[in-house]
Participant: 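Here it is: the structure, laid out below.
Excluded from the calculations below are hydrogen atoms, water molecules and symmetry mates; all remaining heavy atoms, backbone and side chain alike, are included. Proteins get letters first, then strands, A, B, ... in listed order; numbering begins at 1 in each.
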Amino acid sequence: MTAAIISATEKIGGLTIDIASGFGRSWLFLFRTIVGIFKLPFRFGLFLQQMYQIGVNSTLVIALIGVFTGAVLAVQGEYTLSKFGATAFTGSAVALSLIRELGPVLTALMVIGRAGSAITAEIGIMRITEQIDALRSMAVDPIRYLMVPRFLAGIIAMPLLTSIFIVIGIAGGYLVATTLLGLNPGTFMSEMISAVDTVDVYSGLIKALVFGFVFGWVSCYKGYTCGFGAVGVNKATTQSVVTASVAVLVLDYFLTTLLTKYIFQ
Amino acid sequence: MISVRDLHKRFGRQIVLDGIDLDIEEGKTTTVVGPSGVGKSVLLKIIMGILKPEKGEVRINGRSMTAAKSESEKNEIRSSLGVLFQAAALFDSLTVYDNIAFPLRERGSHSEAEIRKKALEMIEALSLEPYVLKYPEEISMGIRKRVGMARALMTNPSILLFDEPNTGLDPLVGQEVYDLIKETRARWGFTGIVISHELPEVFQVSDKVVMLLNGKIEMQGTPEEFISSDNPAVIQFLNGKIDGPIKIQ
Ligand SMILES: Nc1ncnc2c1ncn2[C@@H]1O[C@H](COP(=O)(O)OP(=O)(O)OP(=O)(O)O)[C@@H](O)[C@H]1O
Ligand SMILES: [Mg+2]
């Protein structure tokens with residue numbers, strides 16, 4: 001009995017130490033990555049490659065879900081607003097939801113699923129096949145060579161992809177609202193323009209920037225600290241997607257509150 | 001010349017190296033043998049400065065890798081090292097040519113023409129011409145190891161480290177790798193550490209053999225001394241017997 005208690009205590013203690021040291025290591029990793037950004041010479045070629053991988057390669061899927069999200073928002077918005085006889089505001093509802101909320105969040109979730117898992121798997125495989133050790137043995141800093149380009153590309157690509165998502169989403173909403181729902185195109189546009197403030201655009205883009213940061217940090221870190229074998233890569237990839245997605249949704253709440261209630265009030 | 005003094009390394013509770021003293025002579029090849037999981041790769045990584053020991057020192061050509069304060073100080077010491085990794089560790093995203101050119105490109109002190117000249121020299125020496133535009137996944141493990149060798153030799157290292165140069169190879173290609181090590185040594189000359197559990201095949205490239213067991217050095221000597229040894233662990237390992245002092249986990 002006492003043996004069982006001791007072993008359970010040991011397990012809990014061990015787990016606590018693991019969690020605490022993992023936490024510390026992930027911050028140290030972030031710190032080293034950020035320092036790495038400012039070390040010269042800047043690896044522009046590697047950065048462009050990642051912009052292509054993360055940004056260009058995600059554009060199509062972002063555009064696709066953008067159209068449908070905008071379309072759904074128009075249908076749902078019109079339905080809800082019709083209860084108050086306010087369908088004229090459908091354009092505003094579509095645009096505000098996309099700009100402030102759904103654009104940044106859905107883009108982030110999509111990029112995490114597509115590019116984040118790929119980054120973690122790629123770096124994880126480089127870890128288990130000793131490619132990262134090989135880099136170090138050749139005096140190449142893996143943080144600068146592998147992490148910095150991905151991290152930075154994530155931070156820059158995310159607001160850009162979010163903008164594409166929003167613009168295409170609004171177009172999708174407009175199309176559905178003016179054809180299927182028979183709303184007046186002029187009203188849709190003018191109500192939208194008068195309702196949306198620059199502050200809304202700012203808060204959407206700030207969110208996207210933060211999500212890009214989280215995306216790069218989590219997917220690089222999970223790959224870099226990946227465990228042994230195929231199982232290790234598998235676990236790291238799953239954890240990377242789950243951690244980053246949860247972080248985005250939780251942060252979204254805090255950011256929304258912070259931005260609307262305190263910063264841009 | 002590499003000297004290892006009183007090296008201790010553990011992972012959590014698992015003690016991997018428990019006081020290793022080792023001298024690697026200049027211009028000679030020292031082979032480190034021992035059963036799987038004994039810590040051979042760990043020892044190599046400590047020598048490369050990639051893992052940090054709890055205690056002990058590694059000196060390479062008189063400079064202490066373990067006491068090096070910064071990564072750039074370590075990099076200076078590493079500049080005399082070339083490494084052939086266990087599964088070659090070629091970069092998947094680069095072609096064979098770019099893999100070979102990589103170490104010199106990253107040094108940033110050579111023109112692309114100089115890099116090309118050196119890379120072509122290596123490609124020719126190791127008969128890699130047919131593969132230069134291929135990616136690592138498109139070539140066999142034997143060829144990958146040759147590419148890894150070419151990459152390791154690009155910077156003219158005075159010390160070469162081989163981590164199990166012929167795991168994953170059939171006996172014929174395995175023999176090719178040994179021949180390659182011999183040829184390279186005859187042509188360029190280097191101080192070598194070869195990690196292996198292939199006894200007695202690896203003896204053909206060994207001047208000195210060191211056997212690790214349970215975190216310590218069980219025996220060191222010439223290949224001849226190993227073959228005629230009466231140490232039960234050595235006999236067991238040489239003959240591949242299940243019974244004996246080496247316990248298989
Ligand atoms: N980064 C690490 N973290 C935790 N444990 C490790 C790490 N690297 C190695 N080990 C453990 O240290 C022990 C020695 O590993 P090492 O890879 O040196 O063995 P080896 O002698 O090279 O074996 P093999 O012949 O199979 O390559 C193993 O039990 C391994 O699980
Ligand atoms: Mg090994």
Participant: For atom CZ of B:Phe11, decide whether the heavy atoms of other residues, nucleotides or ligands shown that lie under 6.0 angstrom number more than 12.
Facilitator: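 For B:Phe11, atom CZ is crowded (more than 12 foreign heavy atoms under 6.0 Å).
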
Participant: With a 4.5 angstrom heavy-atom cut-off, which part of B:Arg13 approaches chain A: side chain, backbone, both or neither?
Facilitator: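 For B:Arg13, the contact with chain A is made by the side chain alone.
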
Participant: Take atom CD in B:Glu201; do more than 12 heavy atoms of anything else shown fall under 6.0 Å from it?
Facilitator: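 Atom CD in B:Glu201 is packed in, count exceeds 12.
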
Participant: Could you please state which residues from residues 106-144 of chain A sit under 4.5 angstrom from chain B, measuring non-hydrogen atom to non-hydrogen atom, sorted by number, or 'none'?
Facilitator: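 Residues of residues 106-144 of chain A touching chain B at under 4.5 Å: A:Ile125, A:Met126, A:Thr129, A:Glu130, A:Gln131, A:Asp133, A:Ala134, A:Leu135, A:Arg136, A:Ser137, A:Met138, A:Ala139, A:Val140.
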
Participant: Where does B:Leu90 contact chain A at under 4.5 Å (heavy atoms): side chain, backbone, both or neither?
Facilitator: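 Just the backbone, heavy atoms under 4.5 Å.
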
Participant: Quick check: are there more than 12 heavy atoms from other residues, nucleotides or ligands sitting under 6.0 Å from CZ of A:Phe47?
Facilitator: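 More than 12 within 6.0 Å, yes.
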
Participant: For atom NZ of B:Lys182, is the number of surrounding heavy atoms from other residues, nucleotides or ligands below 6.0 Å larger than 12?
Facilitator: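 For B:Lys182, atom NZ is crowded (more than 12 foreign heavy atoms under 6.0 Å).
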
Participant: Check each atom of B:Glu76 against the heavy atoms of chain A and say whether the ones under 4.5 Å are side chain, backbone, both or neither.
Facilitator: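 For B:Glu76, no heavy atom lies under 4.5 Å from chain A.
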
Participant: Go through the steps for A:Arg43 and B:Glu106 under the test salt bridge (charged side-chain N to carboxylate O under 4.0 Å, His left out), then give the verdict.
Facilitator: CA-CA 11 Å; A:Arg43 310 291 303 257; B:Glu106 287 301 318; 2.9 Å; yes

Participant: Under 6.0 Å from the CZ atom of B:Arg63, do we count more than 12 heavy atoms belonging to anything else shown?
Facilitator: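 Yes, because the 6.0 Å sphere around CZ of B:Arg63 holds more than 12 heavy atoms from other groups.
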
Participant: When the side chains of residues 188-197 of chain B are checked against the rest of the protein, which donor-acceptor pairs come out under 3.5 Å, sequence neighbours left out?
Facilitator:
unit_1	atom_1	unit_2	atom_2	d
B:Thr191	OG1	B:Gly27	N	2.9
B:Ser196	OG	B:Glu198	N	2.9
B:His197	NE2	B:Glu164	OE1	3.2

Participant: Picking from B:Lys45, B:Arg107, B:Lys74, which has the most non-hydrogen pairs under 4.5 angstrom with chain A?
Facilitator: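 Option with the greatest count: B:Lys45.
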
Participant: Given heavy-atom pairs under 4.5 angstrom as the criterion, report whether the side chain, backbone, both or neither of B:Arg151 touches chain A.
Facilitator: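 Contact with chain A involves the side chain of B:Arg151 alone.
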
Participant: Check the orientation of B:Phe91 and A:Tyr145. Use parallel for under 30°, tilted for 30 to 60°, and perpendicular for over 60°.
Facilitator: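 It falls in the tilted class, 30° to 60°.
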
